[in-house]
Each structure stands twice: as structure tokens, then as C-alpha cells.
Student: 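Please read through the structure below; I'll follow up with questions.
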Amino acid sequence: MTRPRDERAGPTPITLRYDDGTVRIDGLEEAFVSPSSLRESVPDLERDPRTDGWRVPAFRYAALRTALLDAVTEPNRIDDRVLALDSLPALRSVYELRSYQREALETWLETDRWGENASGDDPNDLRIITAPAGVLELPTGSGKTVIALKAIERLSVPTLVVVPTIDLLEQWQRELEREFDCDIGRFGGGEQRLESITVSTYDSAYLKADSVGDRFGLVVFDEVHHLGGEGYREIARLLAAPARLGLTATFERPDDAHEIIEEIAGPLVHRVDVDELAGDHLANYDLKRLEVALASDEREAYERAQETFTTYLARSGIRMQSGSDYQELVKRSGSDPEAREALLARQRAREIMYGSAAKLEALEEILDDHREERTIVFTAHNDLAYDVSERFLMPTITHQTGTAERRELLERFRDGTYTRIATSNVLDEGVDVPDASVAVVLSGSGSEREFVQRLGRILRPKADGSRAVLYEVVSADTSEEGVSSRRRDGT
DNA sequence: ACTGACCGACAACCAGCGGACCCA
DNA sequence: TGGGTCAAGTTCTTGTCGGTCAG
């Protein structure tokens with residue numbers, strides 16, 4: 001299928017093509033456009049010695065196009081062949097947005113950075129009237145999916161939706177099929193099928209992006225914080241899609257990789273806080289923190305392990321003030337057996353304070369207080385999850401739980417056969433967990449993201465309007481107090 | 001069709017105390 | 001002078017996920 005060449009374009013137009021995750025630019029010098037002037041808005045413009053042209057990573061396409069339209073007097077001299085978009089039936093979504101959802105969507109739409117529509121005779125350009133790019137931060141349970149569905153409807157352009165887990169892959173596929181009544185493609189879970197609207201896992205998108213990067217006008221990154229990973233960020237770089245929407249409940253990352261996400265997916269443009277929605281669209285909630293003491297033998301073992309750790313630090317001159325100091329310790333442990341011993345001792349200390357006997361006592365009381373309520377108990381380690389399971393006779397889900405068993409347990413939890421469930425990190429993200437009203441964080445990391453996700457499990461509005469409770473059980477006089485305050489910094 | 005084993009990716013990982021050095 | 005930066009050889013362990021392949 002060839003497109004008619006524009007006769008009025010005069011001699012040698014600038015040609016843009018998609019090529020393996022990049023945009024190839026030919027005819028720049030012939031049109032008297034200086035590459036250095038383009039570099040201001042397209043920093044990674046590079047000469048390609050093999051083709052004697054220029055090249056940018058595909059994610060710069062929108063910026064490149066805008067810059068070129070500014071630099072060229074006659075728009076016709078740009079022959080834009082980057083996107084190869086299929087036609088799409090008119091999309092109609094029946095969802096009514098809530099007011100905060102509408103506000104988020106409109107803010108995102110206003111981030112348009114598409115240049116004026118240039119070569120108007122190309123059906124491929126006409127489809128895209130705007131190219132917004134940005135990230136929305138909204139709490140779990142606030143209906144992020146619905147906003148994305150509306151965004152897809154508004155742009156009505158072939159769209160790739162990228163999600164972290166197979167569970168989410170299936171949820172999105174169902175939603176999209178129901179909403180738009182057309183075939184939905186799928187990359188992931190053993191299937192590689194391209195359609196105008198396609199859902200993909202991050203892993204499959206990583207494998208396919210360079211070959212299908214010209215087929216979408218819009219890309220939606222669900223749980224966009226994953227895009228900060230070293231490998232996953234390539235996905236966004238290889239796609240030419242000028243419109244980008246990122247969704248997450250917790251945008252900022254401790255490693256500052258959100259700055260990279262802003263570059264490749266768009267800046268954070270709108271955020272809604274949990275407390276703005278609590279009581280109205282989400283359940284009201286209480287946070288309770290219980291401190292428990294270590295038993296004397298635990299205390300002794302804890303101090304001994306901590307001692308081993310700190311003595312090594314003192315002897316080796318590591319200051320342990322920031323993350324890089326910790327990295328340093330880890331590096332040394334590769335060659336220095338004493339450093340390794342110190343790290344293992346620290347690990348033992350953590351296991352002791354995370355799984356102390358008194359925590360199980362405290363849990364017993366909590367469970368007594370909430371007998372008939374649906375309760376999820378979270379732990380940091382599988383061992384503790386299994387301990388809880390054994391002592392209180394409640395089912396456990398860890399990553400070792402098979403898919404069939406996992407599905408059955410969640411189903412029974414949903415229908416009320418089980419009112420309690422214990423889990424490690426499995427249910428933090430991406431799994432469709434039935435609503436609960438009580439969450440007990442028996443142990444966990446200092447991650448604010450983990451905390452927010454666990455809190456999200458109890459925030460769906462209750463039918464009777466009752467409040468949800470999240471308990472944190474912390475070992476007193478241990479470094480867990482610091483861990484606990486770190487994770488709650490954002491709330 | 002499902003399962004288990006394997007692999008790679010990702011994330012969290014954080015006593016406190018100072019000292020040498022560089023640059024504006 | 002005052003304030004910010006920061007070591008080297010490439011890195012602990014645990015937990016979780018997706019993709020792949022064999023049976």
C-alpha cells in the first residue's frame with residue numbers, strides 16, 4: 001500500500017519514517033533545516049552514518065514533528081510516514097465520569113503538544129487531533145480504568161494498553177471488549193495478537209515494541225511507576241505513539257526514576273489525594289499503630305545480631321547515611337566474608353522483629369475485635385504468613401500458591417466462606433481482591449508504595465457506610481519503628 | 001489444556017558519631 | 001570560607017512476576 005506523493009511538495013521533502021524503534025529523518029539538509037536548531041526540542045537527534053540521514057528514538061516523534069513544523073515554512077515539505085494506523089470504528093463509551101475523573105481527563109487532554117495539522121491529505125494524520133502526554137496519580141479504587149476508556153474514546157485512535165500482570169491483562173481485555181464492542185488484541189499470557197486496540201504485559205511489550213511501535217497513536221501505561229525499571233523504560237522509547245497516558249496511585253519512586261518516566265511518558269499533570277475521596281467515593285478509614293515488645297530471648301538474639309552488624313560498620317568505616325552507603329556494604333559483601341556475615345546478621349535481626357511472638361498475640365486480639373469482618377493479614381515474609389495461617393486457621397496466599405488454588409481461595413473469600421486471609425506481598429498489586437474492611441500489616445517494608453497499595457485493599461466504600469481500619473503492628477525499640485515511619489511519610 | 005522448573009527483571013534493602021577534597 | 005560530594009572490582013537476600021519450554 002503506497003501513499004500518493006504530494007505534487008506540490010516541491011523538490012525533496014523531509015521524510016519521516018518509523019524504523020525499528022526509531023524515527024528516521026531524510027532530506028533535512030536539502031531542506032535547509034539545521035539539526036542543531038532542532039536539538040533544542042529534540043536533544044537526542046543523531047546522525048545515522050549508514051543511511052546518511054538522521055535518527056531519533058521513536059518517543060521523540062511528537063516533539064520532532066512539532067519542531068519541524070516550526071522550522072519549515074511550507075508544511076507540505078514534510079512527508080510524514082511514521083505512523084501506520086488502522087482505521088477504527090467509532091468508539092462509544094457509556095460510562096459517566098465522576099467529577100474528579102472528568103477533571104483529571106480534561107487536564108490530561110490539555111497537555112496537547114501536537115503541531116498544527118500539516119500534510120492534510122494524509123488520512124493517517126487526520127485521525128490524531130491532539131497528542132496529550134502526561135501521568136495521572138489517583139488512589140486505588142478511584143476508577144482509573146474508566147478515565148482511560150474515556151481517553152481512548154476521545155482520541156479514537158489505535159491504542160496500546162500496557163499492564164504489569166496477567167490478571168490486569170484479562171481485566172482490561174474484558175472491560176475494553178464490553179465497552180467498545182470490537183476485537184481486542186493481546187500480547188502476553190501465551191498469545192501475540194495485534195488489533196487496533198491491544199492490551200499487553202510490560203514483558204511482552206518489551207519484546208514487541210520495536211516491531212509494532214508505529215501501529216498506535218495512543219499508549220496507556222497502567223501502573224506507570226513500573227516504567228522506571230531499567231528494561232521497561234525501553235518500551236516507551238521504542239513506541240512512536242504521540243499520545244501517552246500514565247496511570248498510577250504512587251508516582252514518585254525512591255530511586256528518582258520518576259524523572260525518567262516524565263521524560264518518556266509525560267509529566268505528572270494531575271493528582272487526587274485519598275483523603276479528598278474518603279467518605280464520598282472511597283470508604284472512611286482509620287490507621288492504628290500497635291507497639292509490641294520483643295520477648296526476652298528474642299530481644300537477646302536481636303541485640304546480638306544487631307551488634308554483629310554495627311561492629312562491622314564501625315570497624316570498616318561505613319557511615320550508612322544514605323542508600324549509596326548501603327550499596328557499598330552490599331558490594332563489599334561479595335568479596336569480604338565479614339561484610340557478608342554483617343548483612344546476614346542484619347537479615348536475622350529483621351526476621352526477629354518482623355515475626356515476634358508478641359505480634360501474633362496482638363493479631364489474636366485484633367481478630368477477636370473484628371470477628372465477622374473481612375480481614376486481610378499482610379506480612380513481609382512467607383514464613384510468617386504460614387505461621388499465621390497455622391495458628392489462626394486461615395488460608396494463605398503466597399507466590400507458591402498455585403493459580404487454581406489461589407482463584408478458589410479468593411472466590412471463597414468473596415462469597416464469605418472465608419472471612420480472613422493471610423498473605424505476603426502477592427496481593428499488593430494487580431490482583432482483583434475482594435474488598436475487605438480490616439487490614440493488618442503484621443510486617444512490611446518501608447516502601448510507601450506497598451503501604452498505599454495495602455491500604456487500597458480496604459478503601460472501597462462499604463454498603464453500610466462503616467469505616468475501614470488498617471492496623472500496623474510494630475516491634476518497639478527496634479529499627480522497625482523507622483521502617484514504619486518511612487512508609488507513612490506520604491500519608 | 002495445565003503444571004513445574006527454569007530464567008531474568010524488578011523491588012526493597014538504610015546505627016549514629018567524620019574526614020578529605022573540590023569548587024564557587 | 002562555606003557547602004556539597006563521596007570510595008573500588010560487577011552486588012546480600014527474599015519475594016514476586018512474566019515468558020519459555022518440557023512433559
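Residue numbering restarts at 1 for every chain, and letters A, B, ... go by the order of the sequence lines.
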Student: Check nucleotides 8-10 of chain C against the protein and report each pair of N or O atoms closer than 3.5 Å, with its distance, or say if there are none.
Tutor:
from  : atom 1 : to     : atom 2 : distance (Å)
C:dA8 : N7     : A:E328 : OE2    : 3.4
C:dA8 : N6     : A:E328 : OE2    : 3.4
C:dA8 : N6     : A:R332 : NE     : 3.0

Student: Calculate the interatomic distance between A:E303 atom CD and B:dA15 atom P; express it in whole Å.
Tutor: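 After rounding, the reported distance stands at 13 Å.
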
Student: In whole angstrom, give me the gap between the P atoms of C:dC12 and B:dG16.
Tutor: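 24 Å, rounded to whole Å.
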
Student: To the nearest Å, give me how far apart NE2 (A:H399) and C1' (C:dT13) are.
Tutor: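 To the nearest whole Å, that distance equals 13 Å.
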
Student: Should A:K359 and A:E480 count as an ion pair when the cut-off is N to O under 4.0 Å?
Tutor: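 Looking at A:K359 and A:E480, the cut-off is met.
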
Student: Counting only N and O atoms by type, is there a donor-acceptor contact under 3.5 Å from the side chain of A:S200 to the main-chain atoms of A:A205?
Tutor: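 Pair found, side chain donor or acceptor close to backbone of A:A205.
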
Student: Only pairs at least two apart or in different chains count here, so list each ring-ring contact (aromatic ring centres under 6.0 Å, His included) that has a residue in residues 203-227 of chain A.
Tutor: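 Non-adjacent pairs meeting ring-ring contact (aromatic ring centres under 6.0 Å, His included): A:Y202-A:H226.
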
Student: Sequence neighbours left out, what pairs pass salt bridge (Lys or Arg N to Asp or Glu O under 4.0 Å) with at least one residue falling in residues 196-216 of chain A?
Tutor: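 Sorted result for residues 196-216 of chain A: A:D86-A:R215.
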
Student: Taking B:dC22 as the reference, what is the distance to C:dA7 when you measure between their P atoms (whole Å, please)?
Tutor: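 My reading of the P atoms in C:dA7 and B:dC22 gives 14 Å.
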
Student: Once you round it to whole Å, what is the distance between C1' of C:dG15 and CD of A:E351?
Tutor: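 After rounding, the gap between these two atoms is 12 Å.
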
Student: Measure from CD on A:Q400 to P on C:dT14 and round the result to the nearest Å.
Tutor: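 Between P of C:dT14 and CD of A:Q400: 13 Å.
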
Student: Just how far, in rounded Å, is P of C:dG18 from NZ of A:K208?
Tutor: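 Between P of C:dG18 and NZ of A:K208: 19 Å.
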
Student: Output the pairing pattern of DNA chain C as a dot-bracket string, 5' first, Watson-Crick or G-U wobble with both distances under 3.5 Å, | for cross-strand pairs, [ ] for crossing pairs.
Tutor: ||||||......|||||||||||

Student: Could you go over nucleotides 10-13 of chain B and give all protein N or O partners under 3.5 Å, atom names and distances?
Tutor:
from   : atom 1 : to     : atom 2 : distance (Å)
B:dC10 : OP1    : A:E230 : N      : 3.4
B:dC10 : OP1    : A:G231 : N      : 2.7
B:dC10 : OP1    : A:Y232 : N      : 3.1
B:dA11 : OP1    : A:R253 : NH1    : 2.7
B:dA11 : OP1    : A:R253 : NH2    : 3.2
B:dA11 : OP2    : A:R253 : NH2    : 3.0
B:dA12 : OP1    : A:S447 : OG     : 3.4
B:dA12 : O3'    : A:S445 : OG     : 3.4
B:dC13 : OP1    : A:G446 : N      : 2.6
B:dC13 : O3'    : A:R346 : NE     : 3.4
B:dC13 : O3'    : A:R346 : NH2    : 2.4

Student: Taking for each residue the nucleotide of DNA chain C bearing the nearest heavy atom, is the 5' side occupied by A:N382 or by A:S333?
Tutor: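 Going by which nucleotide is closer to the 5' end, it is A:S333.
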
Student: Any side-chain to backbone donor/acceptor pair from A:S142 onto A:P139? Under 3.5 Å, distance only.
Tutor: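 Side chain of A:S142 to backbone of A:P139: a pair is present.
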
Student: At under 4.0 Å between heavy atoms, what does A:R406 touch on the DNA or RNA strands: base, sugar-phosphate, or nothing?
Tutor: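 Sugar-phosphate, backbone atoms only, no base.
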
Student: Take A:D44 and A:R60, measure what salt bridge (charged side-chain N to carboxylate O under 4.0 Å, His left out) needs, and give me the verdict at the end.
Tutor: CA-CA 8 Å; A:D44 28 27; A:R60 295 286 190 197; 2.8 Å; yes

Student: I'd like to know if the side chain of A:T310 and the backbone of A:Q306 have a donor-acceptor N/O pair within less than 3.5 Å.
Tutor: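 Flag set: sc A:T310 to bb A:Q306 pair under 3.5 Å.
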
Student: Under 4.0 Å, counting only non-hydrogen atoms across every strand here, what does A:F309 touch: a base, just sugar-phosphate, or nothing?
Tutor: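 Sugar-phosphate, no base atom in range.
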
Student: Between A:E137 and A:K144, does any NZ, NE, NH1 or NH2 come within less than 4.0 Å of an OD or OE carboxylate oxygen?
Tutor: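 Looking at A:K144 and A:E137, the cut-off is not met.
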
Student: I need the CG-P distance between A:L313 and B:dG16, as an integer number of Å.
Tutor: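 These atoms are roughly 11 Å apart.
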
Student: Between A:R407 and A:E411, is the closest basic N to carboxylate O distance under 4.0 Å?
Tutor: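 Between A:R407 and A:E411 there is no salt bridge, as every charged N stays at least 4.0 Å from the carboxylate O atoms.
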
Student: Between A:R174 and A:E177, is there a salt bridge with N-O shorter than 4.0 Å?
Tutor: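 Salt bridge: no.
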
Student: Name the residue closer to the 5' end of DNA chain B, choosing between A:Q306 and A:T403 according to the nucleotide with the nearest heavy atom.
Tutor: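 Closest to the 5' end, via its nearest nucleotide, is A:T403.
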
Student: Which part of the nucleic acid does A:L344 contact within heavy-atom distance under 4.0 Å: base, sugar-phosphate only, or nothing?
Tutor: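 Sugar-phosphate contact only - A:L344 comes under 4.0 Å of backbone atoms but never of a base.
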
Student: Suppose you measure atom P in C:dA8 against the same atom in C:dG4; what distance do you get, rounded to whole Å?
Tutor: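 Result for the P pair: 23 Å, nearest Å.
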
Student: Are there more than 12 heavy atoms of other residues, nucleotides or ligands under 6.0 Å from atom CD of A:E361?
Tutor: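 More than 12 heavy atoms, drawn from other residues, nucleotides or ligands, come within 6.0 Å of this atom.
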
Student: Does any N or O in the side chain of A:R487 come within less than 3.5 Å of the main-chain N or O of A:S445, such that one atom is a donor and the other an acceptor?
Tutor: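 Confirmed, A:R487 side chain pairs with A:S445 backbone.
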
Student: Could you tell me how the ring of A:Y354 sits relative to the ring of A:H381: parallel (under 30°), tilted (30 to 60°) or perpendicular (over 60°)?
Tutor: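 The arrangement is tilted - the two ring planes meet at 30° to 60°.
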
Student: Checking contacts here: which listed nucleotide (B:dA15, C:dG18, C:dG15) is nearest the side-chain heavy atoms of A:T165?
Tutor: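 Nucleotide nearest to A:T165's side chain: C:dG18.
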
Student: Could you tell me the separation between the CG atom of A:L329 and the C1' atom of C:dC6, rounded to a whole number of Å?
Tutor: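 Rounding to the nearest Å, CG of A:L329 and C1' of C:dC6 are 16 Å apart.
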
Student: In whole Å, what separates the C1' atom of B:dA12 from that of C:dG9?
Tutor: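 Those two atoms are separated by 25 Å.
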
Student: What I want to find out is whether A:E234 reaches A:R237 closely enough, with some N-O distance under 4.0 Å, to be called a salt bridge.
Tutor: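 Yes.
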
Student: All N/O contacts under 3.5 Å from nucleotides 19-23 of chain C to the protein, with atom names and distances to one decimal?
Tutor:
from   : atom 1 : to     : atom 2 : distance (Å)
C:dG19 : OP1    : A:T201 : OG1    : 2.6
C:dG19 : OP1    : A:S204 : OG     : 2.5
C:dG19 : OP2    : A:G189 : N      : 3.0

Student: In terms of side-chain geometry, is the basic nitrogen of A:R412 or A:D415 positioned less than 4.0 Å from the acidic oxygen of its partner?
Tutor: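 So A:R412 does not pair with A:D415 through a salt bridge.
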
Student: How close or far is atom P of C:dC12 from atom CD of A:Q347, stated in whole angstroms?
Tutor: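 Value for this atom pair: 13 Å.
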
Student: So what does A:A380 hit on the nucleic acid, given a heavy-atom distance under 4.0 Å: a base, only sugar-phosphate, or nothing?
Tutor: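 Contact class for A:A380: sugar-phosphate only.
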
